[in-house]
Amino acid sequence: MSQPSGEAATVPSRDPESRGAWRVPVTVYPSATEASAEVAREIADLIRLRASRGEHVVLGLATGSSPLGVYRELIRWHQQAGLSFRCVVTFNLDEYWPMPADSPLSYHQFMRRNLFEHLDLDPSNIHLPDGAVAREEIEVSCQAYERAIREAGGIDYQILGIGRSGHIGFNEPGSDRTTRTRLVELALLSREDLKRDLGGGEEVPRLAITMGVGTILEARQVVLLAFGRGKAAILERAVLGRIGPALPASFLRDHPGGRFVVDQAAASLLR
Ligand code: GLP
């Protein structure tokens with residue numbers, strides 16, 4: 001794959017299930033920093049456009065290390081360029097269950113530390129799945145989450161990471177394109193990664209509430225971020241392998257607004 005240094009390169013990918021059609025879903029940047037700055041700039045442009053029309057914008061947000069560069073840039077847009085987030089509504093992909101919102105391990109706290117507390121978001125516009133809900137109320141709570149997304153007008157711009165299992169949100173292998181927000185079990189590989197992220201000392205959550213693949217695919221734009229050599233193998237399968245529930249991230253290739261934004265290390269196995 002040739003690529004001009006210092007510029008993003010786009011890799012055409014052949015979709016084996018679309019009768020020979022060629023898709024162009026992958027943009028390769030020299031580094032995660034440049035990729036993240038570009039994604040943040042797109043989001044900032046969208047916010048400015050909607051704000052200028054007096055409209056709101058709905059962002060779908062992810063946890064993990066992959067979106068952190070985008071979040072840092074968005075904070076910079078707010079603090080240094082005066083970009084206001086008052087017109088922004090957010091929905092996060094997932095939360096562990098059971099997990100109180102004030103636990104330092106919760107995604108509620110992850111998002112507060114890494115993004116929300118640095119912006120001027122209206123707290124009533126911030127949404128995450130409720131990890132503290134009683135088991136018998138999970139289904140109703142998940143339906144309410146789906147309804148809240150619909151009532152906000154749907155997600156305009158969804159950010160995703162990809163797990164080593166190929167998951168998006170916590171839609172592990174086996175999750176098909178019709179799945180909605182629900183309680184799921186984490187794959188072994190995801191729990192291993194989690195153990196590493198938590199420093200090994202904590203008990204690793206086994207269950208989570210996640211938006212479904214179907215929920216994610218209803219977003220108007222979906223951008224999957226993958227950075228580093230550790231993501232190369234799973235990215236290669238997601239971009240060039242068979243589209244299907246064995247690798248939920250592959251469904252992005254069936255989405256007209258789906259894109260993979262990656263660095264050179266993650267793209268190293270794409271030929
Ligand atoms: C967790 C999140 C996913 C995320 C994944 C990858 O499992 N629930 O949404 O994509 O981690 O994490 P990282 O970006 O740190 O590789």
Side-chain angles (χ1 to χ4, degrees), residues 29 31-33 35-36 39-40 59-73 90-99 103 105-111 113-115 127-131 142 145 155 157-175 179 181-200 202 204-213 215-217 219 222-239 247-252 258-263 265-267:
Y29 288 85
S31 70
T33 309
S36 302
V39 169
L59 301 181
L61 301 177
T63 52
S65 58
S66 306
L68 287 178
V70 174
Y71 296 163
R72 272 194 294 272
E73 276 294 302
T90 69
F91 287 91
N92 262 80
L93 285 168
D94 45 18
E95 177 59 283
Y96 300 117
W97 185 90
M99 181 62 74
S103 163
L105 301 183
S106 73
Y107 283 166
H108 280 74
Q109 293 304 317
F110 176 96
M111 290 306 299
R113 284 192 305 271
N114 290 297
L115 188 65
H127 307 84
L128 290 95
D130 184 359
C142 291
Y145 202 66
I155 293 171
Y157 195 110
Q158 173 72 54
I159 295 175
L160 299 176
I162 181 171
R164 278 200 303 148
S165 65
H167 72 209
I168 48 177
F170 271 128
N171 293 283
E172 301 287 10
S175 306
T179 48
T181 303
R182 68 206 186 286
L183 183 70
V184 293
E185 204 166 325
L186 273 51
L188 212 59
L189 207 53
S190 306
R191 296 190 72 211
E192 273 173 24
D193 287 348
L194 202 57
K195 192 178 260 172
R196 185 203 52 208
D197 293 349
L198 297 177
E202 305 285 347
V204 179
R206 218 170 41 79
L207 302 170
I209 296 175
T210 182
M211 279 188 203
V213 177
T215 322
I216 292 168
L217 294 178
V222 187
V223 175
L224 185 148
L225 307 166
F227 303 129
R229 188 70 179 79
K231 293 290 165 76
I234 197 66
L235 184 73
E236 195 249 355
R237 286 181 55 209
V239 172
L247 209 157
S250 65
F251 284 121
L252 231 66
R259 276 186 297 148
F260 297 79
V261 169
V262 308
D263 65 0

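For ligands, and for the atoms within them, numbers begin at 1 and follow the listed sequence. When a residue number appears, it is its place in the shown sequence, counting from 1.
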*Quick one: which of E95, R164, R196, H167 has a heavy atom closest to atom 11 (O) of ligand 1?*
H167
*Can you tell me which residue and heavy atom of the protein come closest to atom 14 (O) of ligand 1, and the distance to 0.1 Å?*
S66 OG, 2.5 Å
*Protein contact of atom 2 (C) of ligand 1 - nearest heavy atom, named by residue and atom, plus distance*: Y107 OH, 3.6 Å
*Record the part of F227 in heavy-atom contact with ligand 1 below 4.0 Å; permitted values are side chain, backbone, both and neither.*
neither
*Numbering as shown, the atoms of ligand 1 that approach G64 to under 4.0 Å (heavy-atom distance)*: 12 (O), 14 (O), 15 (O)
*Picking from V223, L224, L252, what satisfies side-chain contact (heavy atoms from CB on, under 4.5 Å) with R259?*
V223
*In Å and rounded to the nearest 0.5 Å, what is the OH to CG distance from Y107 to L128?*
11.0 Å
*asked:* Which residue and atom name correspond to the protein heavy atom nearest atom 6 (C) of ligand 1, and how close is it?
replied: I162 O, 3.7 Å
*For ligand 1, is any non-hydrogen atom under 4.0 Å from A62's backbone (N, CA, C, O), its side chain (CB onward), both, or neither?*
neither
*Between D94 and ligand 1, does any nitrogen or oxygen pair lie at a separation below 3.5 Å?*
yes
*asked:* Assess, by modelled atom type and distance only, whether the side chains of R182 and T215 contain a donor and an acceptor separated by less than 3.5 Å.
replied: no
*For atom CZ of R164, is the number of surrounding heavy atoms from other residues, nucleotides or ligands below 6.0 Å larger than 12?*
yes
*Counting from 1, what ligand 1 atoms have a heavy atom of G161 closer than 4.0 Å?*
10 (O)
*asked:* Let me confirm one number: the CG-CZ distance from L194 to R206, rounded to the nearest 0.5 Å.
replied: 13.0 Å
*asked:* Are the side chains of E95 and H108 in contact, using a 4.5 Å heavy-atom criterion?
replied: yes
*Given S65, A208, G169, which has its nearest heavy atom closest to atom 13 (P) of ligand 1?*
S65
*Shortest protein heavy-atom distance from atom 16 (O) of ligand 1, along with the residue and atom involved*: K231 NZ, 2.5 Å
